[in-house]
Every structure is written in C-alpha cells, then in structure tokens.
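Notes follow once the structure below has been shown.
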Amino acid sequence: MRPLSLRWKRRAGSPTRRPPRPIKILALLAVPLLAAGLMLVPTASAQDEDYPFRNPDRPLDERIDDLLGRLTLDEKLSLLHQSQEPIPRLGIPYFKAGTEALHGVAWSNKRDDNWNQVLATDATVFPQAIGLASTWNPDLISDVGSVVGDELRGYNSINPDYWGLQVWAPVVDPLRDPRWGRNEEGYSEDPLLIGAISTAYGSGLSGDDPEYLKVAPVLKHFYGYGNEDDRNLSSSNLTPRVKHEWAQAAFKTAISEDAATGIMASYNLVNGRPTHVDPDIDEVVRSWTDKDLYNVSDAWAPRALVEAQGYFDEHDEAYAAAIKAGLDGFTVDENNPGATIGFLKSALDKGYLTVADIDDSVRHVLSIRFRLGHFDPDGGPYADITADVLDRPEHRELNRQTAEEALVLLDNADGTLPLDADETSSIAVIGPLHDELYSDWYGGAMPYEVTPLDGITERLGGDADVSGVEGLDRVAFKDTATGRYLTATGTAPGDQVIASDSEPTPASQWDINEWMADVATLRNADTGTYLTGAFGPYNTSSEEPSGWFVQQQFRLEEQDDGTYLIQYVGYETNESWWGFPEHYVTVSEDGAVGTGLKADAARFEKEVVDSGVDAAVAAASDADAAVVVVGSQPFVYGRENHDRETLELGGSQQELVEAVTAANPDTVVVLETSYPATFDEQPDTLLWTTHAGSETGNAIASAVFGDTNPAGRLTQTWYDGVDDLPSIFDYDIINSGWTYMYYDGEPLYSFGHGLSYSTFEYSDLKTNGKSVGGDGKIRVRVDVTNTGERAGDEVVQLYSHQRTSRDTVARQQLRAFERVSLDAGETETVEFTVQASDLAHWDVTREKWVVEKSDYDLRVGASADDIRAETTVRVNGETIPPRNLVKSTRAENFDDYSGVELVDESKERGTAVQGGDGAWIEFSDAKLGRRASTFRARVANGGDEAGSIEIRLDSPTGPLAGTATVPSTGGVYEYTTVNADLSGVDGRRDVHLVFDGDVRLATFSLK
C-alpha cells in the first residue's frame, strides 16, 4: 500500500460507538441469499500425507491435476455448490463461496441449519460504491480495496466458517438509468471509468503477490442488468454495438488486468436467453485472460431457469446448460449441496454433460482455492493477517480521505462556500440526516460514526454554538370515524398499533419524513421506533427501516376534504403472493388497526403537534450560518428488487430546505443520496455525497469550512427529472439517447461535473502530430494551472468526438482522465496516451472492431459539458465498405429498426430478430449489384398461421422488391429456409425487411 496522504490535518477523536443495526433476512425464494466463503483447518493426519497437491513448490497446474485425480465424482460435484463440504480423507477444508464486500466487509451467512446472515460490525465502512468512483482516483481506490482485503482476512482468521475469501464485488453494471434500485452499487455510466475503478478496487482486494490471492473478487452482474422490476423475467435487448461497446466493455478491463477472478451471472435475460446459460460467459469472458476464472450464479437463479423463467423443463437440463455456458458455482439451496449434486448426476446419466465438462468446472474452482492458499501447509503468504487489522487508525484515516475526495460540489452560485470557521460563532445543523448515518444492504455496521453534527461540532470547537435540529413535523393521526388516534402499544413484534386515546399522547404522535417522492417513514415519539408492517397488522418494533421487505414505508394520500389515507408500501406489496389487492390502513369500530382496500381505508385528520420547519427556521434565523443535510435512506424507495419512479427529493425535505434557505442566506445544503436526486427549486449552494460511511461528518465539515477543497466528480448524468427519459427496460443507449455519450438534452448536471473553491485554466494543448495510423498512438499534453487562491484538485478529462462515420457514434466519449493536486498558482503538464485502437467501435457489417478513417476532435476539460481546450487529429484508419448482402448476414446486425425484439436463436446460442406486424429492420448502404434475384432466409414461426417478410428498398414503405412467406414451423426454435423472387434490386440501396406475423429471422442473403 502506498503511503496515505497527509494533507488533511484535522481528524476526529474517538466518537461514541453506536449499536449495529439489526437486519432480518427471510428465507423466501425471492430473497437473494448470498453466501460466505469458509475454510476449516485440515486434519493433522491429512496434512501428514505427502500429496503433491500440497507442495507449493510445484506448478499450479500440476497441483490441480494431482488433486483432481484423487477426487471421486461425488466429491467433484460437491465443489460446484456454494457450500462445499470438507473432504477429510484429503484434508480439504470447508469452503462457502461469496462474502459481500462492496465498500467494506459487509456480511456473510452462517454455516448452520438456518443460514442466517452474520453482519460485520468491526470492519471499515467506506463510502458506497458510487462514492468510491466519484473520487476519480484509482490509486486511492486500490488502497481502499487493499484495506477491505486485509479486513476480510482478519475476519476469516476469527471464523473461517462464516467469512470466506471469495468476495462478490465489485458491481460493474453500467449506471444507465438513475431510477435503477441498485444505483448505489455501481460505479458509472461510462465503461472506461468503470474499468479503471473496478480494476483498482479488485487489484487492492487481490493483493500484490504474483501467484496468490489475498481475496478473490468476482464481478457482478454479467450482463445487461439495470432494472429490478421483473428482473428474473425481463429480457434486455442488446444490439451488437451496445453489447460490445458498452454492456460487456464494463467487465472486460478488470478481467483482462487480472483484477477479478470471475463473474457472477445476472438475473435477467439478454436477447431472450437467461444470462446463466449465455455462452459468452465461457467464450467471451474467458478470452479476456489466460488465468482460470471461477464463475458463479446469482442466488436461486439456477432454480429460476425452470421455476420462474420456464426456459427448461427439468433442472438437470438447466444445470447442464449452465455448466456448458461457463458457470462453475451454483448459488442455490443455501448450505445444502444435495440437490445440485443430484441434478448434475442426472445430467451426466442423460448425456447432457460429460465428466470432462465437470472436470473443467472443478478445475476452475480449485485454481482459485489454490491461489487463496487453501491447500498450502502454511496457508499461503496472506495467512498471517489476523483480526488486529480491523478498524485500525490508518484505516480510519484512509476512510476519511476517501469520503473527502468523493464529495462533489454541485453548485456554489452565491459563493457561500466555504464558510469561514473564524467568523462562525454559531451554526444550525438541520435535517433528517444532520445527526444520522446509514449503511445499506451491502454495507456492514459502522464500528463508529461521525455524523454531520459531530463533524461540525468537532471542527468549530467548544466555543462555538452548534445546534442540531432534525426538522421533522411531529403529527397525530385522528381517525375521523372513531375520533381515536393511531397509537403505539410497545416495541415488541406482538405489540400491535391500535386506535385509542381521545387526546394525542406521546404514544400517538409520529415524526414524519418523506424521504424520496412521497414515500414516508413514521417514527413514534414515545418509543422512538418506526411504524412497521408485519404482513398485515402493524407494530412499532423497528429501530430503523431495514430488512429485505423494508416494512417501514408508507404514503400519505391527501383527500379532497383535507383528510389523509395511509397507504402501506412495504416492498412485499409488489410480490405475487401478497394477499391484499390494495393495502391501506384500516380502523375497525373497536380500534383494531389492519390492512384493507382503499374503499375501506380509515380517514385521518393530520394534526401537527410540533412543526419541524418552524423549529428549523428559528434555529437558522439565530445562527451565523445553517447547514441543511437532506437526502435518502438507503433502504427506502428503491433498492435491490425495487426501482424508483421518480428522482424527486421528498416533499417534506424540500419544504425544509426552502424555508431554511429563506431564513438564512448563509445556508449550505448537503444532499446525501445513493443516486441522482432533484429539487423543485434547485439550491444555489449544494454539496453532494453518497452515504459515505463512518467519516461522513468529518468529510462534510472539512468541505464546508474549506479545510479540504471539494474535487469529487459525477460519474453519471443527472437528468432534470424523468419525463424525457426512455423506459427503464430500454437498453439501447444509442437509439434512445441514454448516457452522456448519446443524450442530446440539457442535463441538470453533466457527467464529470464538480466545482471547486479554486479555478483552473487549461492551455497549450498539444499532440504528437496531426495524424496517426489506425494502429498508432496519440499523445496529448495540456498545461493545467490553478488560478485560484487555495490549493485544490482538478480532474482533467479527455474526450474524443469522431467527426464522420458510417454509423451513429457518440457525441463524445471519455478516453482518459487524471486527478491532479495543484497549489495556488501552480501549473502541471498532464499527459495522456490514447491508442488509436481505443477509438474503435463495433462494425456490424463485418462483425469486428474497426477504427474508421476520420478526423477526431480531442477535447480536454473539467466535465463532459465544460470543455476548455480542443484539437483535431486525423486517424488514418479504414473505410467501412458497403454491405455485402450476397453473403449470409445475421439479422441482428441491422443498422436501424422499429418494433422488433432480439430473441434467442436457440437455447444454446445465437440471436435472432422477431418482428410483429409492421416491424422492420434496416441494412443501410448495401451494394446490391445488378442481378440480385433471390431473397433467402433462415426463419422460424411458432404460430399457427403463416407470416411474411417484405423486402423493401430505401425506406420501410419504399419500393417492394419481393415478399417471402414464412409458414408455421411448429416452434420458435424450429427453423426452415424460405426464398422469394426479387425485382428491381440493384445499385447501392438501403434494404428494409418488414415483418408480418410473429416471425423469427436468423440470417438472410440476397443472391
């Protein structure tokens, strides 16, 4: 690990430890029960055996061959499950795949009959993944990964039965849509930035030994994954260009740089085929490296191939297909490998698999376990890492630096920031997050917490008047029918909420917070716990929103008469097994509270007992300055398995921001969210941070008072609302205008955006020449000067724009970046090298990468829409020739389309195009010659009636050259060849194929 920066001088003391949050996990099929890797010490008798596989001086392949040759078939099959029982006769220890470590050691599962979650409570909780990427600092993130790897080794030394050394991290799915429930798990919408950060984190986790692994990172989730609604059933349509240039490119860098040891397949389908049986896992991903990869399934997904997706009729066939596609591990059936072994043996008996197929997968598993030191007598070079590495002072130091570097200054229009600490004798720290920190589903429990209130208090010292105000309205809900108030009766799960009391008491008073949109939590004033759904009745047993179904979520629906209905919106209400068609709070005559139809919902008068806004305004008015900390709760309104409908900050929080800003012009708004969020009235002074772990408060205080100069940058486009966004199910970023590369609207904040307390000037942009060959290098140099009055970091970003192309190309695309630290007045020459091959895009006409001959604008600046200097270089690449449709052409390689779906050509491989009535695909600039007379196509028609494909020229309604009738073939995978006579087909024309009926087209040619 490189030395940590010593720039930041002030550090918190030893904040009070807070108890870790409780998390309950329900063992339901819908819940992704993730596993932990485990290792037992081999028996002494086994260790005494002189097995070659135990000799670390032998080559790895020899050791694997020796151990593989000693295993029985049943023993081999047992190694393909997430819970791998020990093999005592060979001294092989127990191993359970997968510990969660997305931004610190988070959790695992116990090796017992209940498979319960065990939460890390003493590990460093770093900023969420989106925050790690916001640093744009791969060196720093490598250090973070190294600490996480050390701490996981520390936990493994405490209990190898719980804490395994294969980690399911990082998540590299591109952040296409900010409504995605798992936005906080990813890094960016840009594949180059994803590759840089994932490689840094994975390298840190893996360690620096050339052969052994500290831990074994696995990339999630391969691939085309970015929606939670119907995630098991929805198919992501990925055109060849989107697939190669974007969706898979995000995974390639870390694998090719040996910073990851495998991939986890995603829940969704891609082009009609479940990713768990996508041959690209074996044929593409494994082509990126010469190292063995250990690829795993996501939780329960192997069962889903039959039980949810219905893609196969029998589990043995499904499991065999997964093995053949390149998976080596089945994350299913908790700690019981029996079913997996049974399905695989049946597959062998039926000839779906061979023993050689099994040996290949077992070899992959063993390769990683050997590299983790499992079969070395001394456990390998990382075996001496013990529990004393947990929560070390230097880890806290690194955590603070990371939180500071991740913070993004979005707006500072009035120059309010930084505040002068010497001139600030009083300050009000306000908002629902002013004295609260949250972890998330893939985070551990923080061993200590520095909240914004803690950090600001520490920074200003004992002489300052620092007040903290939550700013939540305290209300009482009076049932209009009975005149009784909604009342808590205790904090046990059986203490059901009732309607009682004729006057509001503390037990019938609730602190209400609308987190995002109109989804609120209700905290009882008497118990301090949250109103919670319990699959029908309600209680106040929850200390905070958490769990898989997050049953602390409600929506207040104001009626025309001013009363309110309370709708229960816990996540289980979206499940097919949920028993209530509508889910509103009801009150019976005897005061019992339940769930029922909207027509039967209780009508409540909302009585404000104490106004949070009034209290906040009073505090802000009396202070020199105010800091309002608002944002999301990571479990509420969107998370794994649940997408968002809007990006709006909750109404109660927006009202708070507006009121405090009006009361005190020196107001700083801190937005703490896991994803982009919008205001109706955008604050003039706005800092953004993700949920940044234990050191959040120190990072905020340092930025507010100018001890650090914010230099985080956005890693995804912040759109100004969702009205002009495509469907969350639309994955064609080129056609639909997704991401900064193709979006032609005005974003709220652009990709790469982030302000500074300094100003930076770019000058003297130079390249190593005005032209370069298609296989050459472009060297770019630019001088960057800090023209401000204080030291600061600038993230210098290099983009390219291809001026001419046969295809639709990005408006601009990130090619390189560097975060540089500059003192006031200092100049640094930043140098980038771009391989001309990096400018390639996927040529659908010939199914290969191509660097086109064109002028390329090279743009250097502070964000995608803040370009400071630009030059042009001629790249002497190639010219894509006209299409040759005489050759067999895959239908998926169209140039444009309307109304079609990309579907699986067969269950094993290939993509076809399915079109309904009037749907079409275009093949532009085709050289047809003078004698094209026959259209020949490989087609399938699973319907009862014949369909057709029209061949039209120039447009979908252009001249009709011929029509091919497609008869019923008896199934969507039953293909036949059809022909049609053509007329008038000559010259260079755009060819359109127009569908009638549900026809699948795999390939075609014009002869």
Side-chain angles (χ1 to χ4, degrees), residues 235 237-244 270-273 278-280 283-284 732 807 842-848 850 880-916 919-929 931-943 946-953 956 961-982 985 989-1007:
S235 178
N237 276 2
L238 298 181
T239 63
R241 285 193 59 200
V242 173
K243 171 181 170 179
H244 289 285
V270 168
N271 298 345
R273 181 181 296 105
D278 192 318
D280 282 1
E283 296 169 8
V284 175
D732 190 344
D807 302 312
W842 186 257
D843 174 19
V844 294
T845 72
R846 296 171 296 172
E847 296 185 295
K848 70 171 191 174
V850 59
I880 299 175
R883 278 188 179 272
N884 179 4
L885 298 184
V886 172
K887 297 170 60 176
S888 179
T889 299
R890 297 205 59 82
E892 66 176 311
N893 288 322
F894 50 72
D895 291 295
D896 199 2
Y897 64 99
S898 176
V900 300
E901 286 185 85
L902 293 170
V903 294
D904 49 336
E905 183 178 353
S906 71
K907 289 187 176 181
E908 292 76 27
R909 66 180 55 252
T911 296
V913 175
Q914 179 171 297
W920 54 266
I921 52 179
E922 175 190 332
F923 299 83
S924 60
D925 190 29
K927 188 175 182 179
L928 303 175
R931 299 182 183 275
S933 59
T934 303
F935 172 80
R936 178 171 295 170
R938 185 168 179 266
V939 294
N941 180 355
S948 67
I949 300 174
E950 295 180 343
I951 301 90
R952 291 185 177 270
L953 304 179
T963 301
T965 299
V966 181
S968 173
T969 61
V972 295
Y973 302 127
E974 300 296 326
Y975 283 83
T976 189
T977 299
V978 297
N979 297 294
D981 293 334
L982 298 176
V985 179
R989 310 282 287 274
D990 296 339
V991 175
H992 291 75
L993 305 181
V994 184
F995 294 81
D996 181 59
D998 285 333
V999 173
R1000 288 191 174 193
L1001 173 63
T1003 60
F1004 73 96
S1005 63
L1006 303 181
K1007 299 290 187 181

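The structure displayed is predicted, hence computed values, not measured ones. If you read the sequence from its start, that first residue is 1, and numbering goes on from there.
- Remark: the backbone N or O of T963 is not paired with any side-chain donor or acceptor of T965 at under 3.5 angstrom.
- Atom OH of Y973 sits about 5.5 Å away from atom NZ of K907, to the nearest 0.5 Å.
- Side-chain N or O atoms of S968 include one that pairs as donor or acceptor with a backbone N or O of G943 at under 3.5 Å.
- In this structure, V844 and R241 have side chains that are in contact, with non-hydrogen atoms separated by less than 4.5 Å.
- Looking only at distances, no side-chain donor or acceptor of S1005 sits under 3.5 Å from a matching main-chain atom of K1007.
- E847 is listed as a side-chain neighbour of N893, based on a closest heavy-atom distance under 4.5 Å.
- Note: F923 and F894 have perpendicular aromatic rings, judged against thresholds of 30 and 60 degrees for the angle between ring planes.
- With hydrogens and angles left out, the side-chain atoms of N237 and E901 include no donor and acceptor closer than 3.5 Å.
- Looking at D895, D990, D925 one by one, the single match for salt bridge (charged side-chain N to carboxylate O under 4.0 Å, His left out) with R883 turns out to be D895.
- A distance-only check finds a donor-acceptor pair linking the side chain of N941 to the backbone of V966 [under 3.5 Å].
- Summarising the geometry, atom OG1 belonging to T911 is positioned 6.0 Å from atom CZ belonging to R273; distances are rounded to the nearest 0.5 Å.
- Salt bridge status for D280 with K243: present, with a side-chain N to carboxylate O gap under 4.0 Å.
- Ion pair R1000/E905 not flagged as a salt bridge, since none of the NZ, NE, NH1 or NH2 atoms sits closer than 4.0 Å to an Asp/Glu carboxylate oxygen.
- Under a 3.5 Å cut-off, the side chain of T969 and the backbone N or O of E974 do form a donor-acceptor pair.
- For the side chain to side chain contact (heavy atoms under 4.5 Å, CB included) test with F1004, the passing option among V978, L885, T977 is L885; the others fail.
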Q914 and D998: CA distance, side-chain angles, deciding distance, side chain to side chain donor-acceptor pair (under 3.5 Å) verdict: CA-CA 7 Å; Q914 179 171 297; D998 285 333; 4.6 Å; no
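- For S898 (side chain) and A919 (main-chain N/O), no donor-acceptor pair under 3.5 Å exists by modelled atom type.
- Heavy-atom neighbours of D896 CG from other residues, nucleotides or ligands within 6.0 Å: above the threshold of 12.
- Here the straight-line distance linking atom CG of L1006 with atom OG1 of T934 works out to 9.5 Å at 0.5 Å rounding.
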